[in-house]
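All residue numbers in this chain count up from 1 along the given sequence.
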Amino acid sequence: MRNRLKTTFAGILFLLAGTATPTLAQQSELKSTVKIATSLAQTATAEAPQQVRILPVDAAQFQVWLQEKLPHVKAKAITSSSSITLTNLKPGDLAVLQQSSLVKYIDRAHIQAKEELELKDSDLSANSISALHARYPELNGEGLLVSVKENPFDTTDIDFKGRIISSPAFAEVHSTHATTMATIIAGGANSTPLAQGVAWGSMITSSSFSNLMPDETAGLKANQASVQSHSYGVGVENYYGLESMAYDEQALAYPELLHVFSSGNSGSATTETGAYAGIAGVANLTGQFKTSKNSLSVGALDTNLAVGSLSSTGPAYDGRIKPELVAHGVGALLKLPL
């Protein structure tokens, strides 16, 4: 039961990438009446966290205001984002920030993401992907670029030979998880027929999940990225925050790119905040970015065609259905009709 939706997740990346561009993106939304993340709201007048991120109305004016009102707080702009990290906060500072007309939103500090559970085996026939390859051999991903955002995959793996686009992320130590994901997505079957990926003709590259914000849009456009895979989480979160908004804004700016997130492996968890707080087994996506409106989250079915007990589910904070897609991902024994 620990074999999650890796084949499902990566397979859907390719199937979606081969379709038309995503539907018209919905506008990002951070309502002025909700200026603080639900996880922070209860601490606004009590003991404050030492770090938060804020979205200012005007960065320059906010810096002036900050020096006047909260001179002990340190501010640092976040790369690839219009948000700012604030450190050295004291109790009561969140309440002051909420009252400022120069602050649009206050979010939790950055969290280091973790890879989802590692795949133990892979069978592309479980969701009839092998049958699709046989029936439509031209659907091999040629002409597409898939970006795998997490730790880097192994660039010396012969199954990616000749199809890797260079990336600064490759300077870090590669991981087995990322290599497995990349193989399922774009493995060329050079080492063994079992290493053939869903989009075995596509180009592939890596991006680091050390930054949970979207990659620079200009760089993604320059590489003509079609799909970006996100198979990681930060713990149960169910609200619309800075990361959610940033991914929706990128969908508006670059609708040719589709972000696909794993829903997570916390299906038995109970969210502690928001409209679904205290209800076991629902609203437990593992990252606020997965609640964005113009991305896809993917969950796993078990052999009974029910959502797996460990596969994270919605609803999203506002009642939207999550994940949008589910497919067989546990045990890899059931064959579905094409």
Side-chain angles (χ1 to χ4, degrees), residues 1-18 114-209 223-232 260 262 265 298 300 327-336 338:
M1 291 295 291
R2 290 179 63 83
N3 297 343
R4 303 314 301 158
L5 61 136
K6 302 306 181 184
T7 303
T8 298
F9 179 64
I12 289 173
L13 292 179
F14 168 58
L15 296 178
L16 291 170
K114 296 181 180 179
E115 298 168 333
E116 304 285 14
L117 291 178
E118 183 179 340
L119 180 72
K120 300 301 181 184
D121 54 45
S122 173
D123 182 359
L124 297 187
S125 69
N127 290 299
S128 297
I129 295 171
S130 297
L132 182 142
H133 280 164
R135 187 175 299 182
Y136 304 104
E138 70 278 8
L139 294 181
N140 61 10
E142 186 175 352
L144 302 178
L145 171 67
V146 178
S147 172
V148 180
K149 182 163 182 168
E150 50 177 279
N151 288 314
F153 57 84
D154 185 1
T155 57
T156 67
D157 192 314
I158 193 173
D159 289 309
F160 311 131
K161 184 176 177 61
R163 294 182 293 115
I164 297 175
I165 300 297
S166 62
S167 167
F170 291 130
E172 302 298 323
V173 177
H174 66 79
S175 79
T176 300
H177 180 276
T179 304
T180 300
M181 285 300 301
T183 300
I184 296 173
I185 294 169
N190 297 321
S191 60
T192 168
L194 297 177
Q196 183 174 29
V198 179
W200 50 269
S202 67
M203 305 298 286
I204 190 166
T205 190
S206 179
S207 173
S208 174
F209 65 177
N223 284 332
Q224 297 183 322
S226 303
V227 178
Q228 190 167 58
S229 163
H230 306 259
S231 184
Y232 53 85
V260 181
S262 60
N265 296 310
V298 181
H328 185 60
V330 178
L333 297 175
L334 179 66
K335 292 192 177 182
L336 304 178
L338 183 63

A.B. asks: Looking only at atom types and distance, does a side-chain atom of S175 sit under 3.5 Å from a main-chain N or O of A178, one as donor and one as acceptor?
C.D. replies: yes
A.B. asks: Kindly indicate, with the supporting measurements, whether the criterion side chain to side chain contact (heavy atoms under 4.5 Å, CB included) is fulfilled by S262 and V298.
C.D. replies: CA-CA 5 Å; S262 60; V298 181; over 6 Å; no
A.B. asks: So, N151 versus E115: side-chain donor-acceptor pair below 3.5 Å or not?
C.D. replies: yes
A.B. asks: Is it true that a side-chain atom of S147 and a backbone atom of S206 form a donor plus acceptor pair closer than 3.5 Å?
C.D. replies: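 No: the side chain of S147 does not pair with the backbone of S206.
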A.B. asks: For the CH2 atom of W200 and the CG atom of L139, what is their distance to the nearest 0.5 Å?
C.D. replies: 10.5 Å
A.B. asks: Could you tell me which non-hydrogen atom of N190 sits nearest to which non-hydrogen atom of I158, and how far apart they are?
C.D. replies: ND2-O, 2.6 Å
A.B. asks: Just by distance, do the side chain of S202 and the backbone of G141 share a donor-acceptor pair under 3.5 Å?
C.D. replies: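 Not a single qualifying donor-acceptor pair exists.
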A.B. asks: Working to the nearest 0.5 angstrom, can you tell me the gap between I129 CD1 and Q196 CD?
C.D. replies: 11.0 Å
A.B. asks: Is any side-chain heavy atom of S229 closer than 4.5 Å to a side-chain heavy atom of K149?
C.D. replies: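 The answer is no; the side chains never approach within 4.5 Å.
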A.B. asks: What distance do M203 atom CE and E142 atom CD have between them, rounded to the nearest 0.5 Å?
C.D. replies: 10.5 Å
A.B. asks: Checking side-chain polar atoms at under 3.5 Å, does E116 have a donor or acceptor matched by the opposite partner on S231?
C.D. replies: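 No, no side-chain donor-acceptor contact under 3.5 Å.
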A.B. asks: Could you go through D157 and T179, starting from their C-alpha distance and side-chain angles, then the distance that decides it, and tell me whether this counts as side chain to side chain contact (heavy atoms under 4.5 Å, CB included)?
C.D. replies: CA-CA 8 Å; D157 192 314; T179 304; 3.7 Å; yes
A.B. asks: Which value, rounded to the nearest 0.5 Å, describes the distance between F170 atom CZ and T205 atom OG1?
C.D. replies: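 These two atoms lie 4.5 Å from each other.
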A.B. asks: Is it the case that the side chain of R163 and the backbone of L145 share a donor-acceptor pair, with hydrogens and angles ignored and the cut-off at 3.5 Å?
C.D. replies: no
A.B. asks: Answer with yes or no whether the side chains of D159 and S191 bring together a donor and an acceptor at under 3.5 Å.
C.D. replies: yes
A.B. asks: Where do K114 and F209 land on the side chain to side chain contact (heavy atoms under 4.5 Å, CB included) test, with the steps shown first?
C.D. replies: CA-CA 9 Å; K114 296 181 180 179; F209 65 177; 5.9 Å; no
A.B. asks: Spell out, as yes or no, whether a donor-acceptor pair under 3.5 Å connects the side chain of D154 to the backbone of T156.
C.D. replies: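 Checking the backbone N and O of T156 against the side chain of D154, a donor-acceptor pair under 3.5 Å is found.
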A.B. asks: Which pair of heavy atoms, one from S207 and one from Q228, lies closest together, and at what distance?
C.D. replies: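 Heavy atoms of S207 and Q228 come nearest at CB-NE2, 3.8 Å.
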A.B. asks: Would you please say whether a donor-acceptor pair under 3.5 Å links the side chains of H230 and E150?
C.D. replies: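 Side-chain D/A pair, H230 to E150: absent.
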A.B. asks: Are I185 and V148 close enough, and set up right, to give a side chain to side chain contact (heavy atoms under 4.5 Å, CB included), and what steps lead you there?
C.D. replies: CA-CA 9 Å; I185 294 169; V148 180; 4.0 Å; yes
A.B. asks: Between CZ of F153 and CD1 of I204, what distance do you get to the nearest 0.5 Å?
C.D. replies: 4.5 Å
